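Worth saying up front: this structure is predicted, and the values here are computed from it rather than measured. Nothing fancy with the numbering, it's 1 onward along the sequence.
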Amino acid sequence: MSNDYLFHAGEATVLAREGQFTDAMPEILIGRTNGPVGQAFANMMAQSKGHTAMFAIRACNQLVRPATIVVPKVTLKDFANIDLYGGVVQSATADAVVDCLIEGIIPKDIANELCIISLVWIDPRCATDPNLDKQDMYRTNHEATMLAIRRALNNEPSVEELIANRHKIKHDMDDWS
C-alpha cells in the first residue's frame, strides 16, 4: 500500500434489496489537500447547474474530516431527487467517512491533510417510487462508500488481479469483448 496519500481512486457497488432502485456506486478520490485531489476538490466548489456539489456533513455544524465533497453523477432536476441527495445520501456518505476514521481505514493523524471527492449516483426512479426504502438507500450508500474508501487506500484491485481477471470477468451491463 502506498502511504503517500497523494492520489487514490476507488469505487464500489452495493446492490439494493429486492424491489428497490437504491443501488449505490460511489467513485472516490482521496488525497492530500496540497496535491491534485485537493486542487480538484477546490475546483468543485464552483457549482454547475444540476450537478451541485455539497460537503458531507453529519448534521449542521458537523462537517466530516477529511473534508468530503459529494457530487451527483446525474442532473438533479427536481426537489425530490435533491432531497434524497442532500438527505439520505449525504448522511450515509458522511457517516461512512467517520466510520472509516473509527476503524482506522483513514489515519486520524492526517485527516485534516486529506480530502475526499465522492461521485454518487441516485437512480431517478427513487424519487417517484412510493415504496422507496430510505433505510436501504442509506445502507447501500454507507456500505459502498466505506468499501470504495478502503479500496482506494489499499490500491484495489491490484494490477495483478486485473490482469488475472482480464478474460474471466465481464462488464455488468454487457459484454463487448
Side-chain angles (χ1 to χ4, degrees), residues 1-2 5 7-31 37 40-41 44 51-59 62-74 76 80-108 110-111 114-158 161-162 165 168-173:
M1 175 170 129
S2 171
Y5 300 101
F7 184 101
H8 290 275
E11 59 78 36
T13 298
V14 172
L15 301 177
R17 72 173 179 76
E18 187 67 34
Q20 292 293 305
F21 305 109
T22 56
D23 296 348
M25 299 169 228
E27 297 165 353
I28 299 287
L29 281 180
I30 183 168
V37 178
F41 185 96
M44 299 213 77
H51 286 78
T52 302
M54 65 175 60
F55 284 130
I57 60 170
R58 293 219 55 260
Q62 290 290 299
L63 174 71
V64 299
R65 302 289 178 192
T68 301
I69 197 164
V70 185
V71 183
K73 294 183 197 180
V74 297
L76 302 176
N81 277 294
I82 293 167
D83 188 47
L84 290 173
Y85 168 69
V88 179
V89 174
Q90 181 189 42
S91 175
T93 302
D95 288 349
V97 171
V98 173
D99 289 342
C100 283
L101 285 169
I102 292 167
E103 291 187 20
I105 296 165
I106 299 171
K108 293 181 196 97
I110 61 167
L114 301 175
C115 60
I116 299 172
I117 298 169
S118 179
L119 305 178
V120 298
W121 182 72
I122 298 175
D123 189 316
R125 296 175 288 186
C126 288
T128 58
D129 181 359
N131 299 311
L132 174 65
D133 182 347
K134 290 183 179 180
Q135 286 292 100
D136 194 58
M137 181 176 252
Y138 177 92
R139 176 192 66 81
T140 59
N141 280 277
H142 182 271
E143 287 178 21
T145 301
M146 284 193 70
L147 183 55
I149 292 170
R150 181 180 291 112
R151 286 178 175 165
L153 293 177
N154 288 328
N155 297 313
E156 296 173 351
S158 69
E161 181 182 347
L162 290 167
N165 289 327
K168 296 177 185 174
I169 296 175
K170 305 296 181 190
H171 192 280
D172 295 324
M173 300 302 288

Rounded distance [0.5 Å steps], [atom1] in [X] versus [atom2] in [Y]:
| X | Y | atom1 | atom2 | value |
| --- | --- | --- | --- | --- |
| Thr145 | Leu147 | OG1 | CG | 9.5 Å |
| Phe21 | Asn131 | CZ | CG | 9.5 Å |
| Cys126 | Asn81 | SG | CG | 8.0 Å |
| Tyr138 | Glu143 | OH | CD | 10.5 Å |
| Leu29 | Leu119 | CG | CG | 7.0 Å |
| Met146 | Thr93 | CE | OG1 | 12.0 Å |

| query | Per the side chain to side chain donor-acceptor pair (under 3.5 Å) rule, which among Asp123, Asn141, Asp136 passes with Thr22? | reply | Asp136
For a quick test of reading the model, state the closest non-hydrogen atom pair linking [X] to [Y] and the distance between them.
| X | Y | answer |
| --- | --- | --- |
| Gln135 | Asp133 | N-OD1, 3.0 Å |
| Leu153 | Ile105 | CD1-O, 3.3 Å |
| Val70 | Ala56 | CG2-CB, 3.9 Å |
| Phe41 | Ala67 | CE1-O, 3.6 Å |
| Ala16 | Asp23 | N-OD1, 2.7 Å |
| Ala94 | Arg58 | CB-N, 3.9 Å |

| message | If you apply the rule side-chain contact (heavy atoms from CB on, under 4.5 Å), what do you find for Val120 with Lys73, and how did you get there? | response | CA-CA 6 Å; Val120 298; Lys73 294 183 197 180; 5.8 Å; no
| message | Assess, by modelled atom type and distance only, whether the side chains of His142 and Asp99 contain a donor and an acceptor separated by less than 3.5 Å. | response | yes
| request: For the pair Ser91 (side chain) and Gly87 (backbone), establish whether a donor and an acceptor sit closer than 3.5 Å, ignoring hydrogens and angles. | output: no
| task | For the pair Glu27 (side chain) and Ser118 (backbone), establish whether a donor and an acceptor sit closer than 3.5 Å, ignoring hydrogens and angles. | result | no
Report yes if some heavy atom in the side chain of [X] is under 4.5 Å from a heavy atom in the side chain of [Y]; otherwise report no.
| X | Y | value |
| --- | --- | --- |
| Leu15 | Thr140 | no |
| Glu11 | Ile28 | no |
| Val37 | Tyr5 | no |
| Ile149 | Val97 | yes |
| Met54 | Val71 | no |
| Leu132 | Lys134 | yes |

| How far apart are the C-alpha atoms of Thr68 and Phe55, what are their side-chain angles, what is the distance that settles it, and do they pass the side-chain contact (heavy atoms from CB on, under 4.5 Å) test? | CA-CA 6 Å; Thr68 301; Phe55 284 130; over 6 Å; no
| request: Could you please spell out the steps behind the salt bridge (Lys or Arg N to Asp or Glu O under 4.0 Å) verdict for Arg150 and Glu103? | output: CA-CA 10 Å; Arg150 181 180 291 112; Glu103 291 187 20; 3.5 Å; yes
